[in-house]
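Below is one structure, written out as structure tokens; the observations come after it.
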Amino acid sequence: MTLREGPCGCPDETPTTAAPRATAGDTPPCACPGRSRRGRAWAELLRLPALFSVPGDALAGTAATGASPDTRTLLAIASSLCLYEAGMALNDWADRDVDAVERPHRPLPSGRIRPAAALTAACALTGAGLALAAGAGRPALAVAAPLAATVWAYDLGLKHTPAGPVAMGTARGLDLLLGAAATSGSTRPALPSAALLGTHTLAVTTVSRQEAQGGSPVPSLAALATTALLTRLVTRRSSGGPTRGRRPATGHRPATGHKPAGLRADRFPGQDSGALLTTALTAAYAATTARPYFHATLNPSPPLTQRAVGAGIRATIPLQAALTARSRGTATALLIAALAPLGARFAKKVSVT
């Protein structure tokens, strides 16, 4: 068999002896299998469906400050996406020898992507992420820089140490604070939300450490307990949350005096609707993780553990939405929640683990 060249320049592996006779005016189609395979390999390397879990970080951080999303929020989201994908590429580059044994089908050990290309992509994406954060202002860059350092430290050294899950949880928390810093210039109001989201990520990362070989049921059981705890904390009615649409001045605290009874009564309907939405989204978060974690606890085999990790990643979205709704960001919370079915749909084509 000899190889011919397709009409767009890519190799056509159809045997020359089997080629049908073309008629005048015919333009043979070209499937470009080489390009399709390369695109699929990069989608697997970067775990593209997991990107749907990223924008909610910055949006939840923005909501926690009481500010409304603006162009700087969009820059923060773009920065987060770049830094997240940098971590994905760097992760496979650092683990290429381990994956050659445990996951030979991954893009690097299978030879579909060269290690140098993955490392180059990680460096370029990191630089782009920092540049985008700088465009959002100095407060955003002040958060993005330690976020990038945490990502690189995790992939290059901390991942296989006891500090690995803590580092990953810290990175997710910093990502939420990046949105707060970019939009309002302050991160303090967003610290509670960052702690809750980081705790969820810590639990998922702990489970993921044994997804290739299986092992103890303890991590999945601990993650199940963590889900229950976070569900309780998020749905607990908070007092004195920031008012949506009003950007607090940096460095100044809002007045804490008592409001007239009429004003408090006017706020109850909005508070009730926000509480109901928070409860519904938190229930969706718990429902996404409960069964997979429970199954992995009963049988911590690699397939069930990987399924639990995937569920934990997908559950990040309803958790972000619940945190946003708790901060009176109703419209933004619904926008974040809409990303969940999209992520689940694309995860059927490309694995997020």
Side-chain angles (χ1 to χ4, degrees), residues 47 49-64 69 77 80 84 169 172-173 175-176 179 190 192-205 207-208 220-238 241 244 270-297 304 306-348 351-353:
R47 296 172 176 86
L51 282 179
F52 290 96
S53 71
V54 177
D57 288 346
L59 293 174
T62 297
I77 292 174
S80 298
Y84 189 89
R172 182 65 81 165
D175 202 34
L176 187 147
S193 293
L196 293 171
L197 187 60
T199 300
H200 165 74
T201 305
L202 185 154
V204 177
T205 306
V207 176
S208 72
S220 298
L221 181 60
L224 186 61
T226 300
T227 299
L229 175 62
L230 293 178
T231 299
R232 174 70 182 92
L233 292 175
V234 174
T235 55
R236 185 174 61 186
R237 184 182 294 272
S238 60
R244 285 290 301 164
Q271 290 177 350
D272 289 343
S273 62
L276 288 174
L277 180 59
T278 301
T279 301
L281 292 170
T282 308
Y285 158 69
T288 303
T289 58
R291 180 175 295 182
Y293 282 162
F294 182 69
H295 287 170
T297 300
L304 291 181
Q306 291 172 14
R307 189 175 302 173
V309 174
I313 295 173
R314 292 193 303 273
T316 303
I317 298 176
L319 178 57
Q320 294 163 337
L323 292 172
T324 303
R326 191 180 69 158
S327 300
R328 308 290 183 260
T330 303
T332 305
L334 293 174
L335 176 63
I336 296 172
L339 297 175
L342 294 175
R345 178 180 178 182
F346 283 96
K348 295 179 180 178
S351 174
V352 297
T353 63

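Taking every heavy atom of both residues into account, Ser327 and Ala63 meet most closely at CB-O, 3.4 Å. Here the closest heavy-atom approach between residue Gly343 and residue Phe52 is recorded as CA-CD1, 3.6 Å. Closest approach of Ala60 to Ile336, counting heavy atoms only: N-CD1, 4.4 Å. Between Ser193 and Ala64, the shortest heavy-atom contact is OG-CB, 4.2 Å. For Leu319 against Val234, the heavy-atom pair with the smallest separation is CD1-CG2, 4.1 Å. Contact detail for Ala223 and Val207: the closest heavy-atom pair is CB-CG2, 3.7 Å.
To the nearest 0.5 angstrom, Leu233 atom CG is 10.5 Å from Thr226 atom OG1. Rounding to the nearest 0.5 Å gives a distance of 7.0 Å between OG1 of Thr227 and NE2 of His200. Here Arg326 contributes atom CZ and Thr278 contributes atom OG1; the two are 8.0 Å apart, rounded to the nearest 0.5 Å. One distance of note links CG of Leu323 with CG of Leu176; it measures 7.0 Å at 0.5 Å rounding. Between the CD atom of Gln320 and the OG atom of Ser53 there is a distance of 6.5 Å, given to the nearest 0.5 Å. To the nearest 0.5 angstrom, Tyr285 atom OH is 4.0 Å from Leu230 atom CG.
Put simply, the residue from Leu277, Leu281, Thr324 that forms a side-chain contact (heavy atoms from CB on, under 4.5 Å) with Leu334 is Leu277.
Side chains of Ser80 and Asp57: a donor-acceptor N/O pair is absent below 3.5 angstrom, by distance only.
The shortest distance between side-chain heavy atoms of Leu224 and Thr289 does not fall below 4.5 Å. For the pair Thr282/Pro318, no side-chain contact is recorded, criterion being any heavy-atom separation below 4.5 Å from C-beta on. Between Pro292 and Leu304, the closest side-chain pair of non-hydrogen atoms is not below 4.5 Å. Under the 4.5 Å side-chain criterion, counting only non-hydrogen atoms from C-beta, Arg172 is not in contact with Thr205.
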